[in-house]
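What follows is a short report on a single structure.
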Amino acid sequence: MPRTTPRFPKLQIGLPDWVEGQLPAADHRFETVDERMELAIALSRFNVSVGGGPFGAAVFNLDTGRLVAPGVNLVVPAGWSGAHAEMVAIAVAQQAAGTHDLGAGGQPRHELVTSCEPCSMCFGATPWSGVKRLVYAACEEDARAIGFDEGPKPKNWIAELESRGIEVVASPLRPQAVRVLQDYASGGGPIYNGRVEA
């Protein structure tokens, strides 16, 4: 007898409707690293105001400076621990490009810009995504300072990415990104970490 209802829920993760209203026109060129980071931080700030986590990210075409995909942290609203801003931005970019590999032949060079240094999961996803440059603002210690567990990552993680041909740019606009984290914590935002048994 055929099952009338699915046994498992359908995975549905999408950008919140408000994101589109926070973006400039599609033909806008983000000329500088600071401009691109300003967008990631603005997304993180607005995401907090609507009940999301204090992290924002975006994938850009490195050659044109155009936005390919925004991303915000959706862990709590989506009920999925993998819905970090970087993962969401990468997924949206890959869907838009029609490929799981943003570094594949025929693809432009892509840059992942994130309001905070990648956690261990997002670090692992970066080389698989195909991006050629990673830019982050706040550091792991800033996220840990408000209680987030960023997971284990190699001490020489930047060198690991660079050995795979991924340039890393550290800490443009760090104070602005840190402020979002601090405001989130002082406002009582949930700190969602996996349970670690000692």
Side-chain angles (χ1 to χ4, degrees), residues 9 11-23 30 36-60 67-96 102 110-126 128-129 131 134-153 157 168 170-196:
L11 179 62
Q12 294 180 329
I13 301 291
L15 288 170
D17 292 339
W18 62 261
V19 170
E20 200 64 47
Q22 300 300 308
L23 304 176
F30 292 81
R36 296 189 290 272
M37 185 57 75
E38 283 170 359
L39 176 65
I41 294 170
L43 289 170
S44 72
R45 186 178 301 109
F46 199 91
N47 197 45
V48 169
S49 76
V50 296
F55 305 98
V59 174
F60 294 90
L67 175 67
V68 175
V72 291
N73 184 286
L74 301 172
V75 168
V76 172
W80 177 43
S81 61
H84 290 200
E86 299 95 316
M87 302 295 284
V88 172
I90 288 168
V92 173
Q94 290 172 337
Q95 290 288 303
L102 297 175
H110 288 92
E111 171 187 61
L112 174 61
V113 177
T114 176
S115 66
C116 190
E117 177 180 330
C119 69
S120 57
M121 175 179 64
C122 297
F123 160 74
T126 299
W128 293 112
S129 72
V131 299
L134 168 71
V135 183
Y136 68 91
C139 296
E140 178 178 328
E141 65 199 63
D142 302 320
R144 287 187 186 278
I146 66 165
F148 282 105
D149 177 359
E150 298 298 277
K153 197 165 62 181
W157 69 273
V168 178
S171 301
L173 307 184
R174 181 180 178 189
Q176 293 91 318
V178 170
R179 181 62 186 266
V180 174
L181 294 172
Q182 292 171 339
D183 288 349
Y184 177 79
S186 65
I191 304 299
Y192 38 87
N193 294 319
R195 300 290 179 255
V196 178

Quiz item: Where is the tightest heavy-atom contact between Val59 and Ala89, given as atom of each residue plus distance?
Solution: CG2-O, 3.8 Å
Quiz prompt | Heavy-atom pair with the smallest gap, counting every atom of Pro190 and Val76 | solution = CG-CG2, 4.3 Å
Quiz item: Do any N or O atoms from the side chain of Asn47 and from the backbone of Gly56 form a donor-acceptor pair under 3.5 angstrom?
Solution: no
Quiz prompt | Any Thr114 side-chain heavy atom under 4.5 Å of Cys122 side chain | solution = no
Quiz item: Is it the case that more than 12 heavy atoms not belonging to Glu141 sit under 6.0 Å from its CD atom?
Solution: yes
Quiz prompt | Beyond-backbone contact of Leu74 with Pro16, side-chain heavy atoms, under 4.5 angstrom | solution = yes
Practice problem: Could you walk me through whether Tyr136 and Cys116 pass the side chain to side chain contact (heavy atoms under 4.5 Å, CB included) test, one step at a time? | Solution: CA-CA 5 Å; Tyr136 68 91; Cys116 190; over 6 Å; no
Quiz item: About how many Å separate CZ of Phe123 and CD of Glu140, when rounded to the nearest 0.5 Å?
Solution: 11.5 Å
Quiz item: Any donor-acceptor pair under 3.5 Å linking the side chain of Tyr184 with the backbone of Arg179?
Solution: no
Quiz prompt | Close side-chain approach of Lys153 to Glu117, heavy-atom, < 4.5 Å | solution = yes
Quiz item: Taking atom NE2 of His110 and atom CD of Gln94, what is their separation to the nearest 0.5 Å?
Solution: 9.5 Å
Quiz prompt | Rounded distance (nearest 0.5 Å) linking atom SG of Cys119 with atom CD of Glu86 | solution = 6.5 Å
Quiz item: Which heavy atom in Pro70 sits nearest to a heavy atom in Leu43, and how many Å separate them?
Solution: CB-CD1, 3.9 Å
Quiz item: Do Leu23 and Leu39 touch side chain to side chain, with heavy atoms closer than 4.5 Å?
Solution: yes
Quiz item: Under 3.5 Å, is there a donor-acceptor pair between the side chain of Asp142 and the main chain of Cys139?
Solution: yes
Quiz item: Within a reach of under 6.0 Å around CH2 of Trp18, are more than 12 heavy atoms found that belong to other residues, nucleotides or ligands?
Solution: yes
Quiz item: Is there a side-chain contact between Pro54 and Phe148 (heavy atoms, below 4.5 Å)?
Solution: yes
Quiz item: Glu111 and Val131: side chain to side chain contact (heavy atoms under 4.5 Å, CB included), yes or no, with the steps?
Solution: CA-CA 6 Å; Glu111 171 187 61; Val131 299; over 6 Å; no
Practice problem: Apply side chain to side chain contact (heavy atoms under 4.5 Å, CB included) to the pair Leu181 and Phe55, showing each step before the final yes or no. | Solution: CA-CA 8 Å; Leu181 294 172; Phe55 305 98; 3.7 Å; yes
Exercise. Quick one: closest heavy-atom pair of Leu173 and Glu38, and the distance?
Key: CD1-CG, 3.5 Å
Quiz item: How close do Pro172 and Ala137 get, heavy atom to heavy atom, and via which atoms?
Solution: O-CB, 3.3 Å
Exercise. Identify the heavy atoms of Leu112 and Ile90 that sit nearest to each other, and give their distance.
Key: CD2-CD1, 4.1 Å
Quiz item: Do Trp157 and Thr126 have side-chain heavy atoms sitting under 4.5 Å apart?
Solution: no
Practice problem: Kindly indicate whether the side chain of Phe60, heavy atoms from C-beta on, has any atom under 4.5 Å from the side chain of Val68. | Solution: no
Quiz item: Atom CG in Asp149, atom OG in Ser120: separation rounded to 0.5 Å?
Solution: 7.5 Å
Quiz item: Can you tell if the side chain of Val19 reaches within under 4.5 Å of the side chain of Phe46, non-hydrogen atoms only?
Solution: no
